Amino acid sequence: MSLDAEGIAEVLDEIARILELNGENPFKIRAYHNGARFLESLTDDLDELIASGRLAEQPGIGEALADKIAALRRDGRLDFHEKLRASLPAGLLDILTIPGVGPKKTRALWKELGITDIPGLQAACQEGRVATLKGFGEKTQARILDGIRNREAYGKRHLWAAVEPLVETLLKGLRQLPQVRMAEAAGSFRRNRETVGDLDVIVGSDEPRPIMDWFVARPGIAEVTAHGETKSSVRVEGGLQVDLRVVPPAQFFFALHHFTGSKDHNVAMRQRALSMGLSMSEWGLAPRDPGAKPPQAASEREVFAALGLAWVPPELREGHGEIDAAEAGALPDLVSLADLRGAFHNHTTESDGKSTLEQMAAAAEALGWEYLSINDHSRTSAYAGGLEVERLLRQVDAIKALNASGKFKVRILSGSEVDILRDGSLDYPDDILAKLDVVVVSVHAGFTLDEDEQTARLVRALEHPLAHILGHATGRLLLQREPYKVNLAKVIDAAAANGKSIELNAYPRRLDLDWTHWRRAAEKGVLCSINPDAHLADHLAYVRHGVNVARKGWLTKGQVLNTRPLREVLRWLGRR
DNA sequence: GCCGTTTTCGGCCCGACTGTTTTCAGTCG
């Protein structure tokens, strides 16, 4: 079985971890990690890159990695990888995931004590054997035990949307403290990643102590893991780790930039700084020439300006070419929430929604929208109250009547979220689909088809002349369910060729398609629809999360269908 | 393993913290 780009990236990461345990050259290890990051953010078709021989020309990919990637794509396995794997007990890689235990310590545990997995490590700690090892001690042993105990609860990431309320409360509280000059969230949260590992908060102040004391005494804190002058860390109930860093105001914007990351972005920035005779760190820019004056920054814009760059929005800082674009003045003018004039793909009490048609209409009107499309489930999704033809037609009439009543200014569009059946056909006959304003087509079953079958299924649905928008294209549920196997490059090509839109499902647990695919899709001419997939009137506001992801995918207003006024949308839908 | 206004070898981003140490290695972000 062949592997997709993400699967190959996982193998490269694992190779890197094994090389680490073997004490290999750290730069070689980084090359494998870089290769994995390249594959994860790949926007071109991998098969095309391999076939055309252009893979080895990609940044960070040389002949050796190109060969290995091609082999993994073709065979789904790699001799080199399997031999490496066989050289170590499998459990050692798990030990590596314990905080505070890296490759050197793991290797020492293995070679000195014969420990090869986590249960063995736990037992050795409890017997006090680990503390006797050179380089280890009582505290390390206790920390390892804690790490093992907390692995399940603390190891996992958190949905961006679940972290946001905490961020707001925390920043509000911090900004009210008299010692605080500035305070911002940084890290993956600020970069609008769909999930957040831990939360970084940066404060500018000359008086850190009272701020730290306030911070570690917040309600809802399960554990204080560090309490220092410049950094404190807590574990809040629910498992999220929050790190607070306090820096002098003059360093604030350098620190904010540094801790916003990403790592790849920072590496590229430091390389650029070096080429300009400057050394960059979280503390600022230090000239190589000791006589020169270090650049100052009274805003993050000035940090970039010091390196001859336009300000890069945080969500673009993933090392995906944003620095070249900033230098060339070619950064995109990103879509914003205020640009949206309506949304498609929303449910009501007719299927599995919890709000009525009128409640949905009222909520859309309160948001100032011009239109709202109702797309309840189709008949095959019986588990979700999918509508038989008769009930669907009654809903179409009810929507017509509501529009005619003049009760709301917002125009309600009638539609359906039509199941794409296993063979790629749609769940209603064409004469019924033709009566709808908006046909969203989605997969709700048959997740286990192989990649070729699943791809053909989606492509066939996109070729249907009455389909408008492909819903949640990969079916993933963040932190819960993996996407199904599908060749997205081909799906995107099919959408482009047939003039269809692909949805950016804004439901916080979906955010599907993923941000990494939108640049490619938009370049191919595919319009994005930022849809809430609302099952409750309040869920319409989820479009905010969709906008965050669209921005992260470099999308501009012009590339998003529901920024267009009603008249243009109706024309695009083919409804006069 | 990658890469080249220091080009085919010899570099490769930066700093803080922790615990174990007597000056620093390992880990992390």
Side-chain angles (χ1 to χ4, degrees), chain A residues 12-13 15-17 19-38 55-69 80 84 95-109 130-144 146-147 186-191 196-202 225-233 241-243 245-247 251 254-255 257-286 288 307 317 319 323:
Chain A
L12 296 187
D13 273 331
I15 289 173
R17 285 195 298 274
L19 293 176
E20 258 189 302
L21 285 173
N22 286 339
E24 268 280 1
N25 175 356
F27 299 104
K28 187 192 225 176
I29 292 159
R30 199 166 80 191
Y32 278 94
H33 280 305
N34 285 344
R37 297 293 83 70
F38 166 80
L55 186 53
E57 295 167 17
Q58 307 303 309
I61 307 294
E63 292 296 334
L65 274 177
D67 286 349
K68 290 187 171 82
I69 291 167
F80 175 67
L84 276 178
I95 292 179
L96 211 45
T97 66
I98 299 168
V101 185
K104 298 282 164 58
K105 285 202 159 69
T106 302
R107 199 177 164 77
L109 290 165
V130 169
T132 64
L133 270 185
K134 184 172 156 57
F136 291 71
E138 292 293 338
K139 286 193 174 174
T140 303
Q141 181 171 272
R143 186 166 144 81
I144 291 173
D146 272 352
S188 49
F189 179 84
R190 184 164 182 242
R191 298 201 313 279
V196 175
D198 51 38
L199 176 65
D200 295 294
V201 177
I202 314 296
T225 51
H227 183 183
E229 276 278 323
T230 62
K231 183 191 166 188
S232 291
S233 293
Q241 177 173 317
V242 185
D243 293 344
R245 290 184 166 80
V246 181
V247 300
Q251 265 93 55
F254 291 107
H257 173 266
H258 175 87
F259 289 107
T260 296
S262 65
K263 201 170 192 295
D264 291 340
H265 170 87
N266 287 352
V267 167
M269 288 286 278
R270 289 193 207 112
Q271 278 165 346
R272 182 178 175 84
L274 277 182
S275 74
M276 298 171 71
L278 295 162
S279 169
M280 187 174 199
S281 76
E282 63 260 51
W283 298 107
L285 284 159
R288 274 273 179 71
L307 297 182
R317 300 181 199 167
I323 291 174

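Just so it is clear: chains get the letters A, B, ... in the order the sequence lines come, proteins before strands, and each one is counted from 1. For clarity, every value in this text was computed on a predicted model and none was experimentally measured.
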Contact check, side chains of A:L285 and A:F254, non-hydrogen atoms, under 4.5 Å: yes

B:dT20 OP1/OP2 closer than 4.0 Å to side-chain N/O of A:T140: yes

Contact letters for nucleotides 21-29 of chain B, in which S counts primed atoms plus P, OP1 and OP2 and B counts the base, heavy atoms under 4.0 Å: S----SSS-

Proximity to the side chain of A:T230 - top-ranked nucleotide from B:dT20, B:dC17, B:dG1: B:dC17

Same-atom distance (C1') from B:dT20 to B:dT27, integer angstrom: 13 Å

Spacing of the C1' atoms in B:dC17 and B:dT23 (rounded, Å): 16 Å

Nucleotide nearest A:S279 when distance is taken to its side chain, options B:dC14, B:dG1, B:dC17: B:dC14

Heavy-atom closest contact (A:K105 atom, A:G100 atom, distance): CD-O, 3.8 Å

Sugar-phosphate, base or nothing in reach of A:E20, heavy atoms under 4.0 Å: nothing

B:dT20, syn or anti by chi within 90 degrees of zero: anti

A:V201 vs A:R190 side-chain heavy atoms within contact, under 4.5 Å: no

Side chain of A:R30 (C-beta onward), nearest among B:dT20, B:dC12, B:dC14: B:dC12

Span that lies between the C1' atom of B:dA16 and that of B:dC9, in whole angstrom: 33 Å

Side chains of A:T140 and A:V130 in contact at under 4.5 Å (non-hydrogen atoms): no

Rounded distance in Å between the P positions of B:dT21 and B:dG26: 12 Å

Separation of atom CD1 in A:I69 from atom P in B:dG1, rounded to whole Å: 12 Å

Sugar-phosphate, base or nothing in reach of A:I29, heavy atoms under 4.0 Å: nothing

Nearest-Å distance once atom P is located in both B:dT5 and B:dG1: 23 Å

Touch class at under 4.0 angstrom, heavy-atom based, for A:N25 against every strand present: base

Integer angstrom distance from the C1' of B:dT6 to that of B:dC12: 13 Å

Touch class at under 4.0 angstrom, heavy-atom based, for A:P59 against every strand present: sugar-phosphate

Touch class at under 4.0 angstrom, heavy-atom based, for A:M269 against every strand present: nothing

Backbone of A:G261 reached by a side-chain donor or acceptor of A:R317 within 3.5 Å: no

Heavy-atom side-chain proximity of A:H257 to A:M280 below 4.5 angstrom: yes

Smallest separation among heavy atoms of A:G147 and A:P99, with atom names: CA-CD, 4.4 Å

Who pairs with B:dT8 - Watson-Crick or G-U, where each distance is under 3.5 Å: none

A:A31 vs A:K231, nearer the 5' end of DNA chain B by closest nucleotide: A:A31

